[in-house]
Amino acid sequence: MNREGRRTKHPMRDGDRGQWASKTEYVLVVAGNVVGLGNVWRFPYLCYKNGGGAFLVPYTLFAVVSGIPLFLMETSFGQYTQEGFITCWNKLCPLAKGIGYGLLMMKLYVFGYILVQAWALFYLFFSFRSQLPWASCDNTWNTVTCLGLQSLNSSNLTVPFTNTTSAATEFWERRVLNMSSGIEELGSIRWELALCLLVSWLICFFSIWKGIRSSGKVAYFTATFPYVMLLILLIRGITLPGAWDGIYYYLYPDINRLANLEVWMEASSQIFFSYSLVIGTLNVLGSYNDYHNNCYKDCFWLCLLNSGTSFVAGFVVFSVLGFMAQKQGVSVDNVADSGPGLAFVAYPQATAMMPLPQLWTVCFFLMLILLTVDTHFVSVESVITSVCDLHPKLFRAPMRREMFVLFICSSFFLLHLSMVTEGGVYIFQLIDYYGCTRACQDFMTVCLCLAVAWTFGADRLLNIIKDMTGQKPSAFFKLCWKYIIPLLTLISFILHLVDYKHLKINEYVYPDWAYALGWTITLSSVLMVPLWAAGQLCFTPGTFIQRLDVLCRPTEDPCRQ
């Protein structure tokens with residue numbers, strides 16, 4: 001429908017690709033994708049680690065100059081081209097099509113995050129037991145240095161605290177993962193985790209097998225229910241003894257930390273991570289919109305929702321950590337860890353200390369599962385869409401797309417079985433560290449801004465947004481796209497390379513071949529951009545200037561005729 005209510009034909013639509021059934025479905029799917037694990041565990045931890053309330057200063061600044069402008073850029077050119085993140089470049093800048101193939105490689109590595117969903121399903125299953133297994137040391141996997149909740153709550157510890165391991169940590173490392181000594185010892189497949197992984201991929205398959213017709217309907221539940229769980233956990237959290245101590249630690253502003261460059265880099269990284277920027281997803285989701293959808297207004301509301309959820313999640317997490325700190329008689333900084341340490345050790349341990357522990361544990365892991373479900377099936381859908389747009393005649397035939405979805409889901413399930421072995425967590429960490437790093441995203445961002453803002457034209461994109469929405473964005477967006485974002489991300493890219501450190505897990509150092517594999521994973525996406533550009537320049541007829549002129553113009557530009 002156009003702005004006056006009349007249905008209009010998209011100037012670039014093929015006619016058989018499909019659209020969102022309603023604006024609500026689009027908003028819910030995008031919200032479900034951008035609101036994920038980064039809000040629940042990563043933002044609160046970074047906020048505390050980097051100066052509490054003071055961290056909100058660089059976070060807000062990067063949201064304004066990087067987050068919102070890039071969110072609008074990706075969504076708007078997706079809506080304009082009506083193509084996935086590979087073929088859209090034919091209508092923007094064919095020379096930059098390597099960005100699409102680079103994003104494809106990054107997305108394939110991101111599929112590995114489904115393992116978090118499998119872990120959460122494993123915990124959810126054990127949450128229904130009358131005695132939570134991570135609350136005591138009476139299990140076969142526990143060691144003599146295990147410290148159960150009863151001991152943690154006692155002020156008279158018979159074993160020195162520094163030489164002990166909590167029951168929650170031992171459940172995570174020895175029961176869930178059964179970690180081997182390193183990546184060299186993969187060991188056997190953990191059949192329980194393999195079953196959880198299978199369930200996770202089945203959920204993904206049935207969420208997207210009919211394209212946006214199914215994923216849009218699924219989002220009505222998966223995007224809204226986590227907010228219900230978040231509200232329940234927030235109310236419960238702030239009523240716990242010691243909760244406000246944790247919230248104080250979370251928000252206390254340490255202004256001195258703003259002088260640390262790392263704080264600014266982590267704030268920028270968090271914006272890219274939580275807003276799903278420069279990973280291809282926003283482009284694909286926007287491509288299913290009606291041509292006259294007001295993506296300009298959507299951009300502000302969805303970014304506000306994302307950052308607001310992050311802020312509220314901080315209260316949920318740190319109220320519980322404050323409660324834990326009071327129970328154990330330690331400071332909050334001795335309780336909180338980032339990543340899996342927070343989601344699968346600290347929080348389950350905290351809920352086990354509460355009255356009705358099974359209820360709060362089930363609420364937490366249901367929320368965690370639904371957050372990962374949304375993010376994962378949208379990632380897979382964006383890859384499916386982009387590949388199908390490459391070969392529309394092949395994949396838009398009856399049942400062809402469904403078969404392709406089945407092939408992708410089953411293939412990656414088999415590949416990810418290596419991650420549910422006893423050494424699987426080392427593979428997961430390696431892919432997580434090298435597959436979609438800050439360096440990859442910074443490099444792709446610079447290329448994206450050069451291709452769209454400089455080659456295609458920032459003014460041209462602003463005029464297209466005006467044609468689609470009836471409202472021309474501020475010149476501030478042009479300033480960000482052309483100068484601020486490329487400069488900031490180029491600096492971040494250089495600093496990341498200069499400050500590069502080898503991946504370690506606790507005290508474990510990976511073998512040299514693993515680091516070589518890691519850099520191969522990184523380069524497999526980054527090198528797509530220059531290799532594609534070089535290949536196109538070699539095979540396009542004409543002089544070098546003529547080739548460059550042809551490849552920098554959209555294929556449907558009348559000036560090319």
Side-chain angles (χ1 to χ4, degrees), residues 17-20 25-39 42 66-89 92 99-114 116-117 204 207-208 211-212 214-216 218-219 222-223 269-289 293 295 298-299 302-303 305-306 309 371-390 405 408 412 435-438 440-441 444-445 447-448 452 525:
R17 193 170 177 273
Q19 282 184 310
W20 297 108
E25 288 188 6
Y26 166 69
V27 171
L28 287 175
V29 171
V30 177
N33 174 67
V34 299
V35 176
L37 299 176
N39 306 80
R42 199 167 186 265
S66 296
I68 296 175
L70 281 174
F71 197 103
L72 177 62
M73 175 193 278
E74 292 193 72
T75 304
S76 60
F77 74 65
Q79 183 170 310
Y80 166 67
T81 62
Q82 299 286 288
E83 299 279 355
F85 56 72
I86 299 176
T87 50
C88 70
W89 293 104
L92 298 171
I99 295 175
Y101 288 108
L103 293 179
L104 176 64
M105 296 303 299
M106 290 169 65
K107 295 295 286 185
L108 296 181
Y109 298 132
V110 167
F111 285 3
Y113 282 117
I114 196 171
V116 177
Q117 187 179 329
C204 177
S207 297
I208 66 172
I212 58 171
S214 55
S215 55
V218 171
T222 58
S269 175
Q270 174 61 15
I271 289 295
F272 274 75
F273 183 81
S274 64
Y275 281 27
S276 294
L277 300 175
V278 196
I279 195 67
T281 304
L282 299 176
N283 171 192
V284 170
L285 296 180
S287 73
Y288 287 111
N289 277 330
N293 173 64
C295 56
D298 294 345
C299 167
L302 288 167
C303 289
L305 174 67
N306 182 283
T309 304
L371 288 173
T372 54
V373 164
D374 264 340
T375 304
H376 181 71
F377 81 65
V378 170
S379 291
V380 179
E381 172 62 39
S382 64
V383 169
I384 299 292
T385 293
S386 298
V387 175
C388 288
D389 285 345
L390 268 175
V405 173
I408 291 291
F412 276 89
C436 192
T437 65
R438 196 177 80 203
C440 291
Q441 283 197 304
M444 292 296 179
T445 302
C447 295
L448 181 75
V452 177
S525 56

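Each of Leu28, Asp374, Val29 was compared with Thr222 under the side chain to side chain contact (heavy atoms under 4.5 Å, CB included) criterion, and only Asp374 meets it.
With rounding to the nearest 0.5 Å, the separation of CG in Asn283 from OG1 in Thr75 is 8.5 Å. The distance from the CG atom of Leu103 to the SG atom of Cys436 is 9.0 Å, given to the nearest 0.5 Å. Atom SG of Cys295 is separated from atom CG of Leu285 by 13.0 Å, given to the nearest 0.5 angstrom. The distance from atom SG of Cys204 to atom CD1 of Ile114, rounded to the nearest 0.5 Å, is 6.0 Å. In this structure, Ile208 CD1 and Ile384 CD1 are separated by 5.0 Å, a value rounded to the nearest 0.5 Å. Atom CG in Leu72 sits 10.5 Å away from atom CG in Leu282 (nearest 0.5 Å).
Under a 3.5 Å cut-off, the side chain of Gln79 and the backbone N or O of Ser287 do not form any donor-acceptor pair.
Taking the side-chain hydrogen bond (donor to acceptor under 3.5 Å, both in side chains) definition, one finds that Tyr275 meets it with Ser307, sequence neighbours left out. When the ring-ring contact (aromatic ring centres under 6.0 Å, His included) test is applied to Tyr101, the partners found at least two apart in sequence or on another chain are Trp532. For Ser66, the side-chain hydrogen bond (donor to acceptor under 3.5 Å, both in side chains) test picks out no residue, with sequence neighbours left out. Scanning for side-chain hydrogen bond (donor to acceptor under 3.5 Å, both in side chains) contacts around Ser207 gives an empty result, with sequence neighbours left out. The ring-ring contact (aromatic ring centres under 6.0 Å, His included) check on Phe71 picks up nothing, with sequence neighbours excluded. For Ser214, there are no side-chain hydrogen bond (donor to acceptor under 3.5 Å, both in side chains) partners two or more places apart in sequence or in a different chain.
Side-chain atoms of Ser276 and Asn33 form a donor-acceptor pair, as typed in the model, at a separation below 3.5 Å. In this structure, a donor-acceptor pair under 3.5 Å is absent between the side chains of Ser379 and Tyr113. With hydrogens and angles left out, the side-chain atoms of Glu381 and Thr385 include a donor and acceptor closer than 3.5 Å.
Here the closest heavy-atom approach between residue Gly67 and residue Ile271 is recorded as CA-CG2, 3.6 Å. Nearest approach of Ser525 to Cys440, heavy atoms of both residues: OG-SG, 3.7 Å. The minimum heavy-atom distance linking Ser215 with Phe377 is given by the pair CB-CE1, 3.6 Å. Residues Gly280 and Glu74 come closest through the heavy atom pair N-OE1, 4.0 Å. Of all the heavy atoms in Val278 and Met106, the pair that sits closest is O-CE, 4.2 Å.
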Requested in this report: Determine, step by step, whether Leu70 and Leu448 satisfy the side-chain contact (heavy atoms from CB on, under 4.5 Å) criterion, reporting the C-alpha distance in whole Å, the side-chain angles of both residues, the deciding distance to 0.1 Å, and the verdict.
Outcome: CA-CA 10 Å; Leu70 281 174; Leu448 181 75; 4.2 Å; yes
Requested in this report: Any chance you could lay out the side-chain contact (heavy atoms from CB on, under 4.5 Å) test for Leu302 and Val34, step after step, and finish with the verdict?
Outcome: CA-CA 8 Å; Leu302 288 167; Val34 299; 5.5 Å; no
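Using a 4.5 Å heavy-atom cutoff, the side chains of Gln441 and Leu277 are not in contact. At a threshold of 4.5 Å between non-hydrogen side-chain atoms, the residues Leu104 and Val383 count as touching. Between Asp389 and Ser386, the closest side-chain pair of non-hydrogen atoms is not below 4.5 Å.
Ring geometry for Phe412 against Phe111 counts as perpendicular: the plane angle is over 60°, on a 0 to 90° scale with 30° as the lower cut.
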